[in-house]
Every structure is written in structure tokens, then in C-alpha cells.
Amino acid sequence: MESGGIQSHPSRKSGKLQLRPSAGFILLTTLATVFAVWSLPLVPFHPDESTYIFMSSDFEAFWRRPFSLAWTPETNIDLRMHYRKIDAPLGRLIIGLGRFIWRGEALSEDWDWSKTWEENRQAGALPDAALLYIARLSTTMLLPFSMFFLYLVGRQMSGEWGGIFASLLLAVNMLVLLHARRAMGEGALTFGVSFTIWSLLYADRRPWLAGIGLALAINAKHSALALLPAALLAVAWKISPEAELPWKQRLWRLIAVETQMLAVLAGVTLALNPFLWRQPLGAIRSAIQSREELLQKQVEDARLFAPEKLLETPAERSAALLINLFLAPPSFAEYGNYQQETAPAEQAYLAIPLHNLLRGLIGGPILLAWTLIGVLLALLRLRRVHVEQGRILALILLATACQFIGLALFVPLAWQRYVMPLTPFVSLWAAYPLGDILQHFISKSTTT
């Protein structure tokens with residue numbers, strides 16, 4: 001067990017990416033995807049799904065008349081432009097792609113939180129069952145890809161079984177099954193973060209790959225920007241004879257690779273955000289102002305209607321992150337405006353045990369314990385394992401810390417879905433000792 005996982009890494013030695021999954025992973029992913037799709041209609045409705053479906057019309061405009069999406073001072077008060085400024089685009093574009101494939105129409109009206117459920121339905125802001133299913137299916141189909149990239153990372157950390165356990169724990173995570181299957185941004189975020197973690201392992205040789213991964217995560221949810229320091233270090237972390245070069249040459253190479261990663265990040269972000277295309281500086285200033293105003297309004301609303309959700313200090317926010325990650329029951333809504341209408345769906349959803357697995361006072365502490373064991377085991381092994389294995393563990397530890405600290409410092413609201421960028425890390429760290437232990441017993445049994 002002191003090896004901490006595989007010792008050689010042919011994917012790095014040969015310069016090729018090892019992407020071929022095992023038959024066991026394919027079977028697991030198939031079963032997980034079938035379950036996710038089968039139980040998809042049971043997910044209780046969230047009004048923000050209407051907003052995402054409403055805004056998914058940007059997909060058609062993106063291909064037909066992209067400059068109509070661009071910000072100008074004249075369009076600043078437009079509702080759709082408001083959403084383009086405050087929300088990352090990837091979630092609505094994926095829903096738009098799904099609608100295009102399955103020929104669904106976007107909602108013509110946004111959800112109005114000041115109106116009743118019935119008033120929103122009469123106004124055309126409540127999607128019918130078919131449209132809602134299409135929109136949710138678009139984000140749910142990202143799950144097997146998220147599982148795939150976590151499998152690849154887990155396999156690098158502690159062998160085949162580490163990859164299997166990492167992907168399994170993601171697939172049965174209560175947060176993923178609830179929030180990442182809705183027609184919102186969390187499914188794209190889970191995929192983006194999973195892809196980013198995998199890209200970090202190859203960033204020193206492929207800086208552009210880290211740029212793509214980070215761009216996908218940030219353009220799913222802006223909170224993933226916290227992963228930028230880990231990406232910068234991953235790109236700079238060279239394990240090669242180049243380390244013997246004169247310092248000036250190493251500096252120029254460092255600047256070159258960091259610039260490559262940042263250029264790809266900026267390029268993908270610009271391509272996905274046409275609201276920046278006409279007046280980028282003005283659009284950025286307006287977006288920052290709109291985000292600040294939104295956060296202030298959310299804080300004020302929380303202070304009035306849900307003061308227990310407002311967190312003043314990083315310590316309080318850190319505790320809330322852990323509670324939402326491991327202990328708290330499914331949070332179907334941030335406010336209780338429409339609880340009467342959604343209560344029957346919530347009861348039906350919770351009637352399936354898998355929807356609430358590894359939560360509460362028994363399952364939650366078990367998952368938390370294995371996660372902490374994984375983190376502590378990695379810290380203890382950093383200097384005792386093969387140098388390449390140590391680099392992998394160090395990068396994932398750093399990325400975990402960056403994402404956790406970023407949320408603790410800058411997210412003052414204890415909304416459960418805000419912890420979603422941490423779910424891939426929880427899956428990896430909980431799987432790390434499990435995969436290692438099983439791999440150890442398998443190796444021991446084959447040698448006796």
C-alpha cells in the first residue's frame with residue numbers, strides 16, 4: 001500500500017493520453033446513466049429551470065445572428081441581456097442544443113418570482129413535461145462524461161479500482177442526482193470541473209488542455225474560477241530535462257506555456273460569450289456591476305426570508321460547505337415560495353432510497369470519513385511515493401483547497417447547490433483509500 005497507486009505512467013512517457021476505459025467502467029456507467037435517465041421525471045421542479053429554458057433560445061441566435069447577443073448601452077436594460085451578464089453561458093447553450101436535437105421550443109416567458117405558481121403557468125413560464133424532460137436530458141447526458149474523467153483521474157491515483165470507485169461515488173452522490181440533473185448549470189459545472197481535474201494531470205505538457213478544461217468549468221459556473229491558481233501551477237510544473245536549462249530560458253518557457261493556457265481560456269470564454277463581442281470593456285464593467293447588485297439583493301433577501309442561510313465569516317461558510325456536502329438532506333428550493341406545489345414531487349423523489357444515499361447521520365459521516373482519510377493519506381504519501389505520483393496527488397490536493405477556499409471566501413449564502421464544484425473532489429478523495437485497499441488485497445491474493 002505504500003506505493004500509493006500505479007508507479008509508471010505510460011500516458012506521460014509516450015506522450016499519449018490513456019483514454020481507454022475498462023469493461024467494468026463501461027458497465028457501471030451504462031447502469032448509472034440508465035438509472036439517471038429513468039428517474040429523471042421524478043426530480044422536483046425548480047423555477048430557475050424555466051429561466052434556463054427561456055434563455056436557451058441564445059443557442060439558435062448564436063448560430064443565426066450572434067451579434068444580436070452582444071452588449072451595448074442600449075441593450076443594458078433588456079432582461080435577456082441581464083441574464084447574459086450574470087450567468088455563465090454553457091448551461092443554457094447545452095439545453096439549447098438538446099432542444100435543437102429533439103426539436104423542442106424555448107419558453108417565451110421567464111419565471112416571475114413575484115407571481116404565484118398558477119399565474120406563472122398561465123403566463124407560459126412553466127414548461128410542459130415534454131420540454132422539461134428534453135432540457136433535463138441535455139444536462140443529464142453529461143453525467144457519463146463526468147464519470148469518465150473522474151475514472152481516468154482515480155485510475156491515476158490508485159489504479160483501476162480507484163477509478164471505478166470515484167466514478168461510482170459521483171454517480172450516486174445525492175447532490176449530483178438532484179442538482180446536476182435539473183435544467184440548470186450544475187450538470188455542466190460537474191462536467192467542467194471533472195474535465196479540469198483530469199486536464200491538470202497533463203497541463204505541463206499540454207497547457208492548452210488545461211485552458212479548455214478551466215474555460216468549460218468557468219463558463220458553466222463562475223465559482224470554478226477558484227481553480228485558476230491550481231491550473232497555473234499545473235502548467236508550470238515541469239518534470240523533464242528542461243529543468244536544467246538556464247533560468248532565463250526557463251522563465252521564457254514558463255511565460256510561453258502560461259500564456260498559451262491563458263490564451264485558450266480567454267479564447268474559449270470569448271467564443272461562448274457573444275455579449276462581449278461589440279464593446280468588451282463596457283460589457284465586462286456592466287457584468288461586474290450586475291453581479292454585485294445581484295449578490296447584494298440575494299444577501300438582503302436571505303436576511304429577510306432565510307437569515308439562517310446568510311453566513312458572515314469564512315468559518316461559518318466552511319462549516320456550511322461541509323454540512324451541505326455530507327449531512328444536509330436534499331434542498332429542493334432556496335425559498336419556500338412554491339413548497340405547496342412541489343411537496344408531492346419531493347415525497348415521490350425521496351421514496352427512492354438511491355436518491356438520498358450516503359447522506360444524513362449515518363451515510364454522511366461515512367462519506368466524510370473516507371474523504372478525510374483519502375486527503376490525509378495523500379498528504380502523508382506526498383514525499384514517499386514516486387515523483388510523478390506525488391505530482392498528481394499534490395495537484396489534486398491544491399485544486400481541492402483552491403475550490404474550497406474560494407467558496408468559503410466569496411459565497412456568503414448557504415445554498416446547497418453552491419457546493420456542487422466540490423462534489424468531484426469528494427468522489428476522488430473518498431475513492432482513493434477504497435481503491436488502494438481493494439487493489440492491495442487483489443494483488444495479495446494473486447501472489448499467494
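One-based numbering along the sequence shown. These figures come from a predicted structure and were not determined experimentally.
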For [X], what residues pass the side chain to side chain contact (heavy atoms under 4.5 Å, CB included) criterion, not counting sequence neighbours?
X    : result
L19  : L17, F148, L152, W198
A210 : S199, A203, V235, M261
S223 : K221, L407, P421

For a quick test of reading the model, state the closest non-hydrogen atom pair linking [X] to [Y] and the distance between them.
X    : Y    : result
S331 : L178 : O-CD2, 3.8 Å
S146 : F191 : OG-CA, 3.0 Å
L393 : Y432 : CD1-OH, 3.6 Å
A135 : I95  : CB-CG2, 3.7 Å
A231 : L200 : CA-CD2, 3.6 Å
L413 : A302 : CD2-CB, 3.7 Å

About how many Å separate [atom2] of [Y] and [atom1] of [X], when rounded to the nearest 0.5 Å?
X    : Y    : atom1 : atom2 : answer
L281 : S286 : CG    : OG    : 12.5 Å
E186 : H179 : CD    : NE2   : 7.5 Å
L265 : Q260 : CG    : CD    : 12.5 Å

Spell out, as yes or no, whether a donor-acceptor pair under 3.5 Å connects the side chain of [X] to the backbone of [Y].
X    : Y    : answer
R65  : A61  : no
S39  : L42  : no
T140 : R136 : yes
Q416 : P329 : yes
R182 : P44  : yes
R317 : L409 : yes
N273 : F275 : no
R155 : G163 : no
Q403 : L227 : no
N120 : L126 : no

Subject >> Audit row: Q296, E292, side chain to side chain donor-acceptor pair (under 3.5 Å) steps and yes/no >> reply: CA-CA 6 Å; Q296 185 60 35; E292 291 176 348; over 6 Å; no
Original post:
Is it true that D58 and R84 make a salt bridge, defined as a side-chain N closer than 4.0 Å to a carboxylate O?
Top reply: yes
I'd like to know if the side chain of [X] pairs up with that of [Y] as donor and acceptor (distance under 3.5 Å, no hydrogens or angles considered).
X    : Y    : result
S57  : R80  : yes
Q122 : E118 : yes
N173 : T423 : no

**OP:** With Y338 as reference, evaluate F45, F332, W113 under the ring pair (Phe, Tyr, Trp, His ring centres under 6.0 Å) test and give the passing residue.
**Re:** W113
Is it true that atom [atom1] of [X] has more than 12 heavy atoms of other residues, nucleotides or ligands lying nearer than 6.0 Å?
X    : atom1 : value
E300 : CD    : yes
E308 : CD    : yes
W161 : CH2   : no
E119 : CD    : yes
L304 : CG    : yes

**OP:** Any chance you could lay out the side-chain contact (heavy atoms from CB on, under 4.5 Å) test for V176 and L143, step after step, and finish with the verdict?
**Re:** CA-CA 9 Å; V176 172; L143 176 60; 3.9 Å; yes
**OP:** Begin from the C-alpha positions of E334 and Q298 and carry the test side-chain contact (heavy atoms from CB on, under 4.5 Å) through to its verdict.
**Re:** CA-CA 11 Å; E334 290 71 46; Q298 288 177 329; over 6 Å; no
Would you indicate whether the side-chain heavy atoms of [Y] and [X] approach each other to under 4.5 Å?
X    : Y    : value
L357 : L354 : yes
T190 : M420 : yes
T196 : L216 : no

Original post:
Which residues pass the ring-ring contact (aromatic ring centres under 6.0 Å, His included) test with H355, sequence neighbours left out?
Top reply: F35, Y349
Subject >> Where at least one partner belongs to residues 65-90, residue pairs that pass ring-ring contact (aromatic ring centres under 6.0 Å, His included), sequence neighbours excluded >> reply: F67-W277
**OP:** Sequence neighbours left out, what pairs pass ring-ring contact (aromatic ring centres under 6.0 Å, His included) with at least one residue falling in residues 400-428?
**Re:** Y335-W415, W415-Y418
**OP:** Output, in order, the C-alpha distance, side-chain angles, deciding distance and verdict of side-chain contact (heavy atoms from CB on, under 4.5 Å) for M141 and V37.
**Re:** CA-CA 8 Å; M141 291 311 296; V37 173; 4.1 Å; yes
**OP:** Please step through side-chain contact (heavy atoms from CB on, under 4.5 Å) for the pair L131 and R99, ending with a clear verdict.
**Re:** CA-CA 8 Å; L131 176 59; R99 286 193 303 97; 4.0 Å; yes
